[in-house]
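What follows is a structure written as structure tokens; I'll ask about it next.
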Amino acid sequence: MRTQVAIIGAGPAGLMLGRLLERAGIEAVIIERRSADYVLGRIRAGVLEQSTVELLARAGVDERLKTEGLVHDGVEISFDGDMHRIDFSGLIGRHVTVYGQTEVTRDLMEARTSSGASSIYEAEDVSIHDFDGARARVRYRKDGVTHEIACDFIAGCDGFHGVTRASVPKKALQLFERVYHFGWLGVLVDKPPVAEELIYAHHERGFALCSMRSPSRSRYYVQVDADEKVAAWSDERFWDELRRRLNPEVAERLETGPSIEKSIAPLRSFVAEPVRFGRLFLAGDAAHIVPPTGAKGLNMAMHDVRLLADALIQHYGDKSDAGIDSYSAKVLARTWKTERFSWWMTSLLHVFPTTGAFGRRIQRAEFDYLKSSRAAATCLAENYTGLPD
């Protein structure tokens, strides 16, 4: 097989890149090691920056988003029950939209299926070759038969544990990582959200988050130790712990019910430098990871693939490699700004093993500053809703 761009990974980053290239008349094949059902079954967050919403519109996959997405003009932050709202709309005239990552994936997947663009699921033993030469290649095995795709470029959209970054010589990579000693225990429940906007809560027992997927489906999280097991948390234990960490009035109106999904997500910060290696480009979680505290993971991936799509469109349409040559620098410039914001949000809202009494007073002082300073609130609003390029 011969194509212009081989995309490894059929998550939202790979699907979005494929969609943008398809609409520009550029051939692309998506290769995914999992089944389509498995990809759709992944439960992820879904707070979309305005730039991500605009990209979905550009891709022509925003019909459901426009009717089902929940526009939020602000967010609530709580410290030991003391509530403070950050007014995005009033401070900077922007907002975010709550729309699950699973739904973004579904919309992109259905659009690709309808167009007949090539996607290969359940591809085994995927490997990439010669991306530092004149012509790259991708090999995989499907139904016991080995296949090879010759291509101009490879896009690594296959996540943190994917094959693309692992194929880069170690001496060509510099890795930066911080692994946190706690995770988020998340519960999905078919009950109305406890509030109209997200609530981020710091409590001496740990962090909590009240989020939602729709007006009738809620997503809640509590901070737990990294070695905790889901089986140790009954629904009753989860709801009791969540209530303890919330403002009493919020806890009183919390509607509980049987969980329809429960899992623990580890937290880490990670950056790979650079993110271009000849004809190979890394995007999304293959290039960087942020803690979910700032709701940035999906938005960072969408930013990456927009830059990459524009660079490839420029390459094939204008015969210019300016976008390709600047891709890594542009991605990393935004990545480190976003890493800083996610680190700050995580540091403010979580209890760390070494926090101690002094550390909690510092966190409280930071929260009080956020309440009293318009500049601090504006900074949070700008970062949360999405920094401009």
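Atom set for the values below is all heavy atoms of this structure, side chains included, hydrogens, waters and symmetry mates excluded.
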Within residues 5-30 or reaching into it, pairs that qualify as side-chain hydrogen bond (donor to acceptor under 3.5 Å, both in side chains) - sequence neighbours excluded: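 Qualifying pairs: Glu22-Ser115.
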
Is the terminal nitrogen or CZ of Arg340 (NZ for Lys, CZ for Arg) located under 6.0 angstrom from the six-membered ring centre of Trp343 and within 45° of that ring's axis?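 Pair Arg340/Trp343 does not count as cation-pi.
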
Would you call Glu148 and Arg137 a salt bridge, taking side-chain N to carboxylate O under 4.0 Å as the test?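 Salt bridge flag = yes for Arg137 with Glu148.
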
Using a distance-only test with no angle check, is there a side-chain donor-acceptor pair under 3.5 angstrom linking His202 and Arg360?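 Result is yes, a qualifying pair exists.
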
Looking only at heavy atoms, what is the nearest atom pair of Tyr140 and Ala123, with distance?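 The pair with the smallest heavy-atom distance is CD1-CB, 3.8 Å.
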
Give the ring-plane orientation class for Phe176 versus Trp336, where under 30° counts as parallel, over 60° as perpendicular and anything between as tilted.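 Plane angle over 60°, so perpendicular.
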
State whether Asp152 and Arg2 are salt-bridged, where the test is any N-O pair (Lys NZ or Arg NE/NH1/NH2 against Asp/Glu carboxylate O) under 4.0 Å.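 Salt bridge: yes.
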
Give a yes-or-no answer on whether the side chains of His161 and Asp285 include a donor-acceptor pair shorter than 3.5 Å.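 Note: His161 and Asp285 side chains miss the donor-acceptor criterion.
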
Hydrogens and angles aside, do Ser78 and Asn247 bring a side-chain donor and acceptor to less than 3.5 Å of each other?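 There is no such pair between these side chains.
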
Is it true that Asp107 and Tyr99 share a donor-acceptor pair across their side chains at a distance under 3.5 Å?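 Per modelled atom types, Tyr99 and Asp107 side chains form a pair under 3.5 Å.
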
Salt bridge (charged side-chain N to carboxylate O under 4.0 Å, His left out) partners for Arg268, two or more places apart: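 Testing Arg268 for salt bridge (charged side-chain N to carboxylate O under 4.0 Å, His left out), a comparison that skips the adjacent residues, returns Glu177.
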
To the nearest 0.5 angstrom, please state how far the CD atom of Glu339 sits from the OG1 atom of Thr346.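 Answer rounded to 0.5 Å: 9.5 Å.
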
Looking at Tyr327, does the NZ or CZ of Arg276 lie under 6.0 angstrom from its six-membered ring centre and within 45 degrees of the ring axis?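 Output no; distance or angle outside limits.
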
Pairwise distance CE(Met109) to CD1(Ile30) - rounded to 0.5 angstrom: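 CD1 of Ile30 is found 9.0 Å from CE of Met109.
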
Run through Phe79, Phe182, Tyr180 and flag the one making a ring-ring contact (aromatic ring centres under 6.0 Å, His included) with His350.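 Result: among Phe79, Phe182, Tyr180, Phe182 is the only option passing the ring-ring contact (aromatic ring centres under 6.0 Å, His included) with His350.
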
Is there a donor in the side chain of Trp233 and an acceptor in the side chain of Glu241, or the other way round, less than 3.5 Å apart?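 No, Glu241 and Trp233 have no side-chain donor paired with an acceptor closer than 3.5 Å.
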
Does the ring center of Phe88 lie less than 6.0 Å from the ring center of Tyr384?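 That pair passes the under 6.0 Å test.
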
Is the side chain of Glu32 donor-acceptor paired with the backbone N or O of Ser119 at a distance under 3.5 Å, no angle test?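 No; judged by distance alone, with no hydrogens or angles, the pair does not exist.
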
How many angstroms lie between CG in Leu298 and CE in Met302, if you round to the nearest 0.5 Å?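 Between Leu298 CG and Met302 CE, I get 5.0 Å after rounding to 0.5 Å.
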
Pair Arg306 + Glu49: basic N to acidic O under 4.0 Å: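 So Arg306 does not pair with Glu49 through a salt bridge.
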
Donor + acceptor pair across side chains of Gln50, Thr52 (<3.5 Å):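 No pair is found: no donor N or O on one side chain lies under 3.5 Å from an acceptor on the other.
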
Distance from Glu197 atom CD to His72 atom NE2, nearest 0.5 Å?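 Rounded to the nearest 0.5 Å, the CD-NE2 separation comes to 6.5 Å.
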
Where the side chain of Ser35 meets the backbone of Tyr38, is there a donor-acceptor pair that is under 3.5 Å apart?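 Answer holds: yes.
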
Hey, are Thr385 and Arg94 close enough side-chain-wise for a donor-acceptor pair under 3.5 Å?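 Per modelled atom types, Arg94 and Thr385 side chains form a pair under 3.5 Å.
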
Please report the closest heavy-atom contact between Leu173 and Ala272, naming both atoms and the distance.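 Heavy atoms only, the tightest pair is CD2-CB, 4.0 Å.
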
Over 12 non-hydrogen atoms of neighbours within 6.0 angstrom of NZ in Lys142: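 It does: Lys142 NZ has more than 12 such atoms within range.
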
May I ask you to decide if Ala208's main-chain N or O and His203's side chain share a donor-acceptor pair within less than 3.5 Å?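 Side chain of His203 to backbone of Ala208: no pair is present.
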
Can you confirm whether Leu15 sits close enough to Thr105 that some side-chain heavy atom of one is under 4.5 Å from a side-chain heavy atom of the other?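 They are in contact (side-chain heavy atoms under 4.5 Å apart), so the answer is yes.
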
My understanding is that only one of Glu124, His147, Glu122 makes a side chain to side chain donor-acceptor pair (under 3.5 Å) with Arg141; could you say which?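 The side chain to side chain donor-acceptor pair (under 3.5 Å) with Arg141 is passed solely by Glu124 among Glu124, His147, Glu122.
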
Kindly determine whether Lys371 and Asp82 satisfy salt bridge (Lys or Arg N to Asp or Glu O under 4.0 Å), including the steps that lead there. CA-CA 10 Å; Lys371 288 175 60 180; Asp82 186 0; 2.9 Å; yes

